[in-house]
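Counting convention: from 1, in listed order, for ligands and their atoms alike.
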Amino acid sequence: MKLAIIGGAGVRTPLLVNGLCRSDVPIREIALYDTDLARLDVVGRLAARVASPTVGVTTHSALDPCVADAAFVFISIRVGGIDSRAHDERVSLAHDILGQETVGPAGFAMALRSIPAVVAYARRIAELAPGAWIVNFTNPVGMVTDALHRAGCSRAIGICDTPTELFEDVAHALGRPTADCTFDYLGLNHLGWLREVYVDGRPALAPLWSQPERLAALHRAPLFAPSFLADLRLLPTEYLVYYYRPADVRDNMQRAGRSRGAVVSALSAELFADLGRVDIDPVTRYETYLAARSAGYMQIESGASAPLTPSPWAALTGYDKIALAVVRAIHFNTGALIPLDVPNRGAIRDLDDDDVVEVPCVVNANGAWPLATGSAPAHVRDLLRRVRAYERATVEAAMTGDRASAIA
Ligand code: G6P
Ligand code: MN
């Protein structure tokens with residue numbers, strides 16, 4: 001089987017290649033395409049080193065040979081590079097609004113940049129590899145996946161590691177293996193809540209509400225007070241901090257003096273400078289980079305004083321684990337339950353059928369099928385609908401260039 005990665009020079013490519021190669025999926029070739037050829041050369045060589053010997057890693061400066069005949073095409077691009085993220089976050093903060101990759105004004109700008117590019121790639125993929133599944137990692141994942149479906153690309157599936165990371169943390173708090181748990185989760189990408197966890201067929205979250213120490217340790221940074229979570233009676237993903245505590249987060253960002261995008265930009269620049277040196281082992285250096293990046297995750301936002309425990313191949317591995325889970329479920333027709341970003345089709349009663357939502361899906365050879373989740377809890381329904389209305393207008397603006405939609 002051939003897999004293609006558009007945005008193959010991205011820093012997560014070796015991670016993805018490593019994960020895919022350590023699986024039972026019969027992969028023959030992983031083809032990488034990027035517009036940054038210097039970086040593609042460096043990342044391609046690193047990816048080839050972590051790949052298994054039977055998998056050929058190829059690099060391409062042209063799109064067509066990269067995607068031709070691929071069974072899966074991953075799209076993971078950042079139009080304008082990491083510096084565009086840092087720029088948008090800085091501008092937001094200069095206006096006293098939190099500066100965040102996918103939320104608020106920076107997220108809006110990112111959607112306007114990403115959507116036309118991803119849709120153009122998808123149109124070409126439809127011609128060259130009509131049977132390919134398009135696995136979209138490009139942020140903002142919900143809006144980009146929505147645009148792909150509106151453009152007629154029905155084989156597009158959006159992926160985010162945030163829900164499964166939360167699931168693992170909650171299973172850990174409950175003292176149960178993740179595989180024993182069924183997660184009742186719903187929302188939009190980067191706007192999701194875990195409503196219940198079932199173990200042995202019974203709801204298991206209730207005891208947590210009266211265990212403040214466990215609630216405090218749930219998220220990887222101190223984002224929500226235990227009493228707040230106990231009152232909410234839902235477990236939000238970390239992204240809800242931008243909606244529940246926007247002023248605190250903004251203040252923390254302004255106090256830090258630089259946004260997360262600026263930090264990631266500096267980490268990446270150091271990584272690529274070192275990867276150009278002959279006296280440094282590239283794989284070890286890459287692992288150090290991953291550890292540093294995951295240790296800093298949500299640190300500025302939460303105003304935390306101590307960095308997270310570094311864990312190479314851990315916190316960022318959500319990415320490759322969930323990608324592999326999707327490829328396996330489709331290829332082996334397993335029917336695995338995976339939280340993904342797909343058109344709603346009635347899964348969340350409060351939203352339209354064509355709204356892209358993030359809910360558990362049954363994944364098999366025919367794609368990803370959202371489970372019915374009913375209505376969102378009354379106290380989050382309004383937020384869900386308002387953010388979705390914003391997303392619809394943003395997708396419309398990005399696809400048509402319509403100024404009125406952008407202003408709306
Ligand atoms: C999570 C989200 C991704 C996002 C990333 C940012 O993994 O699900 O969508 O891009 O965090 O992490 P960073 O290290 O770039 O701040
Ligand atoms: Mn995400």
Side-chain angles (χ1 to χ4, degrees), residues 7 10-13 15-16 19 74-86 88-89 98-104 106-107 110-111 113-114 118 135-146 157-169 185 187-192 219-221 223 236-242 249 252-253 256 258-271 286 289-302 304 307-308 310-323 326 338-341 356-358 387 391:
V11 282
R12 286 186 168 106
T13 293
L15 192 62
L16 197 56
F74 297 95
I75 308 183
S76 181
I77 62 169
R78 194 185 285 283
V79 179
I82 187 70
D83 291 339
S84 63
R85 169 178 171 187
D88 291 338
E89 291 173 352
L98 62 87
Q100 212 285 323
E101 181 188 22
T102 64
V103 178
M110 191 185 196
R113 276 196 302 271
S114 300
V118 173
V135 181
N136 176 52
F137 278 111
T138 304
N139 266 326
V141 159
M143 287 191 271
V144 172
T145 306
D146 183 288
I157 298 170
I159 288 197
C160 176
D161 54 337
T162 297
T164 43
E165 299 282 321
L166 176 66
F167 297 178
E168 278 176 26
D169 292 340
Y185 169 88
L188 307 175
N189 178 235
H190 294 183
L191 191 86
H219 295 87
R220 287 166 193 216
L223 301 174
T237 71
E238 68 261 22
Y239 276 85
L240 265 300
V241 77
Y242 302 122
V249 172
N252 288 338
M253 288 171 166
R258 57 183 191 159
S259 73
R260 174 68 178 159
V263 172
V264 173
S265 172
L267 285 174
S268 300
E270 287 161 21
L271 170 70
Y286 182 64
Y289 165 83
L290 291 180
R293 186 160 175 183
S294 63
Y297 186 63
M298 291 307 256
Q299 295 303 288
I300 290 176
E301 293 78 354
S302 64
L308 302 178
S311 50
W313 307 92
L316 282 173
T317 53
Y319 240 72
D320 61 290
K321 269 193 255 165
I322 189 164
V326 170
I338 308 172
L340 293 167
D341 293 89
V356 164
V357 296
E358 192 169 88
V387 174
E391 290 191 347

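For the salt bridge (charged side-chain N to carboxylate O under 4.0 Å, His left out) test, residues two or more places apart in sequence or in another chain that qualify with Asp146 are Arg150, Arg388. Residues meeting the ring pair (Phe, Tyr, Trp, His ring centres under 6.0 Å) test with Tyr242, sequence neighbours left out: Tyr239.
With ligand atoms numbered from 1 in the order given, ligand 1 contributes 3 (C), 4 (C), 9 (O), 10 (O) to contacts under 4.0 Å with heavy atoms of Asn139. Close approach to Arg85 involves these atoms of ligand 1, each under 4.0 Å from a residue heavy atom: 13 (P), 15 (O), 16 (O). Near Arg293, the atoms of ligand 1 lying under 4.0 angstrom from a non-hydrogen atom of the residue are 13 (P), 14 (O), 15 (O). Taking every heavy atom of Cys160 and a limit of under 4.0 angstrom, the matching atoms of ligand 1 come to 8 (O).
The main-chain N or O of Met253 is never found under 3.5 Å from a side-chain atom of Glu301 such that the two would form a donor-acceptor pair. In this structure, the side chain of Ser294 engages the main chain of Ala291 through a donor-acceptor pair within 3.5 Å. The closest donor-acceptor contact from the side chain of Glu89 to the backbone of Gly261 lies under 3.5 Å. For Ser114 (side chain) and Ala111 (main-chain N/O), no donor-acceptor pair under 3.5 Å exists by modelled atom type.
Remark: among candidates Gln100, Glu101, Glu165, the nearest residue to atom 6 (C) of ligand 1 is Glu101, based on non-hydrogen atoms. Which of Glu301, Arg12, Arg260 comes nearest to atom 16 (O) of ligand 1 through a heavy atom is settled by distance: it is Arg260.
For the Mn ion (ligand 2), protein N, O or S atoms closer than 2.8 Å were enumerated as Cys160 SG, His190 NE2, with waters left out.
Heavy atoms of Met298 come nearer than 4.0 angstrom to ligand 1 in no pair at all. Close to ligand 1: Tyr239, with a non-hydrogen atom less than 4.0 angstrom away.
Where the criterion is an N or O separation shorter than 3.5 Å, residue side chain and backbone included, Glu238 fails it with respect to ligand 1. On a distance-only criterion, Arg78 and ligand 1 share no N/O pair closer than 3.5 Å.
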Verdict with supporting geometry, Arg12 and Asp161, salt bridge (charged side-chain N to carboxylate O under 4.0 Å, His left out): CA-CA 13 Å; Arg12 286 186 168 106; Asp161 54 337; 5.7 Å; no
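Here the options are Ile159, Ile75, Val79, the test is side-chain contact (heavy atoms from CB on, under 4.5 Å), and the partner is Thr138; only Ile75 passes.
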Show the atom names and distances, to 0.1 Å, of all donor-acceptor pairs under 3.5 Å that link a side chain in residues 264-271 to residues at least two apart or in another chain.
| residue | atom | partner | partner atom | Å |
| --- | --- | --- | --- | --- |
| Ser265 | OG | Asp83 | OD1 | 2.8 |
| Ser268 | OG | Val264 | O | 3.0 |
| Ser268 | OG | Tyr289 | OH | 3.2 |

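Under 4.0 Å from ligand 1, not a single heavy atom of Val141 appears.
A 4.5 Å side-chain heavy-atom check between Thr102 and His190 finds at least one atom pair inside the cut-off.
No salt bridge links Glu165 with Lys321; every basic N to acidic carboxylate O contact stays at or beyond 4.0 Å.
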